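Keep in mind that what you see is a predicted model, and the values were worked out from it rather than measured. No hydrogens, no waters, no symmetry mates; every other heavy atom, side chains included, goes into these values.
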Amino acid sequence: MTTDSLPDSLREAIGKDLQPVRPLPPVWVRTLFAVAVAAVCLGVLIVVFKLSLRPDMDQIPMWLSWGCTLIQLTIGVVLLGMALREAVPGHGVPAGMVATAVGTGVLMQILVGIATWMHSPGMPYIPGQALQKGIGCASHDTALALPALVVTLWLVFRALPLRPSVAGLLGGTGAAVTADAVIHILCPMSDLRHVLVWHTGVIIGLLVIGSVAGKLWEKRRVGKSVQTLER
């Protein structure tokens, strides 16, 4: 179809929609911005919650404590960068790479939890207090992850993602894995019932939230486009 065959109403709608746009900064710049904002919020939240290192740090090998924390932080930042790359048309992440990256983030958290449990029992698991401790950890995990998730989604939606749900999925996973990297050396609980239900559960929940947020944004964008064409 040539521009001469376009209906006048469509041509008029397109003309009204045209406006100057500011070029997007490179992916690494936007990723650095998201990480910087998340880091500042992370520091504030640690002070507010008065969080401290887990008391059994001396029983956990350096490679498992600080080493795995660094690895998880790296994975989280890579996932956030992939989400921001997905937001640029023509630079989408292949489906196989998306599945591998998300799976790696979740699997890494589970393996770190298992390895930590094998090296130190941590705080005793008391059934009567399990719900209270679990909700507390899930709240901290979520609060630490939300700044990175919100900033990443904001940057994604300011661009033009062709698959916003995929970008949201990557952003949600990246934010959750980044938060868990810190919680790993703060939470005193090593029991797998606690780790897999509450900490892994938060990661699954946030990656779902990110994906759903992308779908809702896409639905809203399509709805606005239809309304524009109908005018």
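Side-chain N or O atoms of His184 include one that pairs as donor or acceptor with a backbone N or O of Leu64 at under 3.5 Å. No donor-acceptor distance shorter than 3.5 angstrom exists from the side chain of Ser165 to the backbone of Gly214, with no hydrogens or angles considered.
You'll find the side chain of Thr69 stays beyond 4.5 Å of the side chain of Val182, heavy atoms only. At least one side-chain heavy atom of Met82 sits under 4.5 Å from a side-chain heavy atom of Val78. When side chains are defined from C-beta on, Val166 does not count as touching Val93, because their heavy atoms never get closer than 4.5 Å. Taking 4.5 Å as the limit, every side-chain heavy atom of Val177 sits out of range of all side-chain heavy atoms of Gln109.
Note on Val47 and Val40: separate hydrophobic clusters, where clusters join Ile, Leu, Val, Met, Phe, Trp and Tyr whose side-chain heavy atoms are under 4.5 Å apart, directly or indirectly. Under the 4.5 Å side-chain heavy-atom criterion for Ile, Leu, Val, Met, Phe, Trp and Tyr, Ile204 and Val112 are members of the same hydrophobic cluster. Under the 4.5 Å side-chain contact rule for hydrophobic residues, Val197 and Tyr125 do not share a cluster. Both Val98 and Val212 sit in one connected hydrophobic cluster of ILVMFWY residues. Membership requires side-chain heavy atoms under 4.5 Å apart, directly or through other members. Leu79 and Met108 fall within a single hydrophobic cluster, where Ile, Leu, Val, Met, Phe, Trp and Tyr side chains are chained together by heavy-atom contacts under 4.5 Å.
The distance from the CG atom of Asp56 to the CG atom of Asp58 is 7.0 Å, given to the nearest 0.5 Å. How far CG of Leu206 is from OG of Ser211: 12.5 Å, rounded to the nearest 0.5 Å. A distance of 10.0 Å separates CG of Leu155 from CG of Leu80, quoted to the nearest 0.5 Å. Note: Cys137 SG to His199 NE2 = 4.0 Å, rounded to the nearest 0.5 Å. In this structure, CD1 in Ile209 is found 11.5 Å from OG1 in Thr173, a value given to the nearest 0.5 Å. Residue Thr142 holds its OG1 atom at 10.5 Å from CD1 of Ile203, rounded to the nearest 0.5 Å.
For the pair Cys187 and His194, the tightest heavy-atom approach, listed with the atom from each and the gap, is SG-NE2, 3.5 Å. For Pro161 against Trp217, the heavy-atom pair with the smallest separation is CG-CZ3, 3.7 Å. Nearest heavy atoms, Ala167 versus Ala83: O-CB, 3.4 Å. Between Ala38 and Ala148, the shortest heavy-atom distance links the atoms CB-CB, 3.6 Å. The two residues Ala34 and Thr152 have their closest heavy-atom pair at CB-OG1, 4.0 Å. The nearest pair of heavy atoms linking Arg163 to Gly92 is NH2-C, 4.2 Å.
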>> What verdict does the side chain to side chain contact (heavy atoms under 4.5 Å, CB included) test give for Trp198 and Ile135, after you've listed the backbone C-alpha separation in whole Å, the side-chain angles of each residue and the deciding distance to 0.1 Å?
In response: CA-CA 7 Å; Trp198 297 104; Ile135 292 177; 3.9 Å; yes
>> Evaluate Leu84 against Val156 for side chain to side chain contact (heavy atoms under 4.5 Å, CB included), listing each step before the verdict.
In response: CA-CA 6 Å; Leu84 295 171; Val156 165; 3.9 Å; yes
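Judged by distance alone, the side chains of Arg54 and Ser120 never bring a donor and an acceptor atom under 3.5 Å apart.
Residue Trp117 qualifies as open at atom CH2: its count of foreign heavy atoms under 6.0 Å is 12 or below. Atom CE of Met57 is surrounded by more than 12 heavy atoms from other residues, nucleotides or ligands within 6.0 Å.
In this pair, His119 and Trp63 present their aromatic rings perpendicular. The plane angle is above 60°, beyond the 30 to 60° band.
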